[in-house]
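To start, the structure under review is shown below, and the notes come after it.
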Protein chains: 2
Amino acid sequence: MYTSTELSKLLRENACKVTPQRLAIYSILASTKAHPTAETIYKKLHHQYPTMSFATVYKTVEILTELGIIQKLNTGEEAFRYDADISRHAHVRCLGCGRVDDIFDLDTTALEEDASTKSQYTLQGCQIYFQGLCPECAKKNQQ
Amino acid sequence: MYTSTELSKLLRENACKVTPQRLAIYSILASTKAHPTAETIYKKLHHQYPTMSFATVYKTVEILTELGIIQKLNTGEEAFRYDADISRHAHVRCLGCGRVDDIFDLDTTALEEDASTKSQYTLQGCQIYFQGLCPECAKKNQQ
DNA sequence: ATATCTGCAAATCGTTTGCATGGAA
DNA sequence: TTCCATGCAAACGATTTGCAGATAT
């Protein structure tokens, strides 16, 4: 997570201009664990920046992803989600309500070694996505 | 993997008609390890069924997925891929040439138990996707 | 005979692009 | 002043849908 000062510095160092929209979009992502989509980001900022377009959201998340300070998640839904937590962690999506949660601290060392041996690939990354029912939806389903 | 006789039986049992297109699409998937996209399937069958449309490909893979005899893969690319091997296995995509290979027999028991405990979700599934360089592309990159 | 399927074209939806205007450096 | 960014609208590509004619049962 970066402060707006740190983000401004990083942008300038990479020949990108600092704009209110860019700071606001990063701020949204840094302050939530909900893994918003472009649409969610757009809606959250619409009252504050009524003229802001989807193009700006998409261009900004593209830049932030290239700077390596956010990550783009493909959870098997229609739209991509974005996450300002760039640490290696897995995700789980609730088939009931659609929420996507983090799962931290899974030990994937053995898995990756095994995959590397069996596939003969030079591995560079790994995404792990679980599906299931969140505690709330599991409870509702029992009733 | 199903023979065309078995597939025909399964389709009829589920009130779906047996058509040459359906058998051909399943046959393509059952005879490859390349995880084709809808476009690849369409192209492979175009000489044999020149009038077949993308709509038929999409409708058919939808049915086969619902019958549970193929799976739809989201490997983080633009288009979905389809796989007639419905056993639990991971996939790895080469960042050099784009090929997608299977990785069988990864032990994910510990991972899933850990994820279940940490997330508190009732887990129903898990997708694991690796990225890296296939042996051929890794060799090319060294040169 | 009847319900389902095919194939065409149009629609949809998330995302990207071109370009004129506006704003940061 | 000089780029780069924004915002609009149009383009895009994968996928879905509506519907008339064709086909499996």
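Every value quoted in this text rests on a predicted model; they were computed, and no experiment measured them. Chain identifiers are assigned alphabetically (A, B, ...) following the order of the sequence lines, protein sequences preceding nucleic acid strands; residue numbering begins at 1 within each chain.
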Item to check | Donor-acceptor contact present, side-chain Lys33(B) to main-chain Asp102(B), <3.5 Å | outcome: no
Checklist entry - Is the number of heavy atoms from other residues, nucleotides or ligands within 6.0 Å of CD (Glu6(A)) greater than 12? => result yes
Checklist entry - Rounded to the nearest 0.5 Å, how far does CD1 of Ile70(B) lie from NZ of Lys72(B)? => result 9.5 Å
Checklist entry - Quick one: Leu45(A) CG to dT6(D) P, roughly how many Å, whole number? => result 12 Å
Checklist outcome for this item: When the rotation axes relating C1' atoms of four end pairs to the next four are compared across the helix from dA1(C)-dT25(D) to dA25(C)-dT1(D), five pairs an end, they differ to 10° by 30°
Checklist entry - Between Glu13(B) and Lys9(B), is the closest basic N to carboxylate O distance under 4.0 Å? => result yes
Next on the checklist: Tell me the interatomic distance from Phe54(B), atom CZ, to dT17(D), atom P, rounded to whole angstroms.
Outcome noted: 17 Å
Item to check | Point-to-point distance, once rounded to the nearest 0.5 Å, from CG of Leu95(B) to CD of Gln131(B) | outcome: 6.0 Å
Checklist entry - Other than Tyr129(A), what residues sit in its cluster of Ile, Leu, Val, Met, Phe, Trp and Tyr side chains whose heavy atoms are under 4.5 Å apart, directly or through others? => result Leu73(A)
Checklist entry - Could you state the OH-P distance from Tyr42(B) to dT15(D), rounded to the nearest angstrom? => result 15 Å
Next on the checklist: Taking the side chain as everything from C-beta on, heavy atoms only, tell me whether Cys126(B) gets closer than 4.5 Å to Thr108(B).
Outcome noted: no
Checklist entry - Is there a side-chain contact between Thr19(A) and Leu23(A) (heavy atoms, below 4.5 Å)? => result no
Checklist entry - NA contact type, Thr56(B), heavy-atom cut-off 4.0 Å: base, sugar-phosphate, or nothing? => result base
Checklist entry - Is there a residue in residues 75-83 of chain B whose heavy atoms reach under 4.0 Å of DNA chain C, and which residues are they? => result none
Item to check | From OG (Ser27(A)) to CD (Gln21(A)), nearest 0.5 Å | outcome: 13.0 Å
Checklist entry - Between dA14(D) atom P and Glu62(B) atom CD, what is the distance in whole Å? => result 18 Å
Checklist entry - Can you name the ring-ring contact (aromatic ring centres under 6.0 Å, His included) partners of Tyr42(B), sequence neighbours left out? => result His46(B), Phe54(B)
Checklist entry - Hey, what else clusters with Ile103(B) if you join Ile, Leu, Val, Met, Phe, Trp, Tyr whenever side-chain heavy atoms sit under 4.5 Å? => result Val92(A), Ile103(A), Leu106(A), Leu111(A), Tyr121(A), Leu123(A), Ile128(A), Phe130(A), Val92(B), Leu106(B), Leu111(B), Tyr121(B), Leu123(B), Ile128(B), Phe130(B)
Checklist outcome for this item: Applying ring-ring contact (aromatic ring centres under 6.0 Å, His included) to His89(A) and not counting sequence neighbours gives His91(A), Phe104(A)
Item to check | Side chains of Val18(A) and Leu7(A) in contact at under 4.5 Å (non-hydrogen atoms) | outcome: no
Item to check | Within residues 30-37 of chain B, residues whose heavy atoms come under 4.0 Å of DNA chain D | outcome: none
Please list each protein N or O that sits under 3.5 Å from an N or O in nucleotides 18-21 of chain D, with the distance.
residue : atom : partner  : partner atom : Å
dG18(D) : O6   : Lys59(B) : NZ           : 3.3

Checklist entry - Below 4.0 angstrom, N of the basic side chain to O of the carboxylate: do Glu39(A) and Lys43(A) qualify? => result yes
Checklist entry - Starting at CG of Asn74(B) and ending at P of dA14(D), how long is that distance when rounded to a whole Å? => result 14 Å
Checklist outcome for this item: Its 5'-most and 3'-most nucleotides having an atom under 4.0 Å from a non-hydrogen atom of chain B, DNA chain C is contacted over dA3(C) to dC8(C)
Checklist entry - Between His35(B) and Asp101(B), do the side chains contain an N or O donor and an N or O acceptor separated by less than 3.5 Å? => result no
Checklist entry - Hey, can you pull the residues of residues 12-22 of chain A with a non-hydrogen atom under 4.0 angstrom from DNA chain C? => result Arg12(A), Lys17(A), Val18(A)
Checklist entry - Do Gln127(B) and Gln127(A) come within less than 4.5 Å of each other through their side chains, counting heavy atoms only? => result no
Item to check | Contact under 4.0 Å: Tyr58(B) side-chain N or O vs dT15(D) OP1/OP2 | outcome: yes
Checklist entry - What residues, two or more places apart in sequence or in another chain, satisfy side chain to side chain donor-acceptor pair (under 3.5 Å) together with Thr37(A)? => result Thr40(A)
Next on the checklist: Checking Arg81(B) now: which residues fulfil side chain to side chain donor-acceptor pair (under 3.5 Å) with it, not counting sequence neighbours?
Outcome noted: Glu77(B)
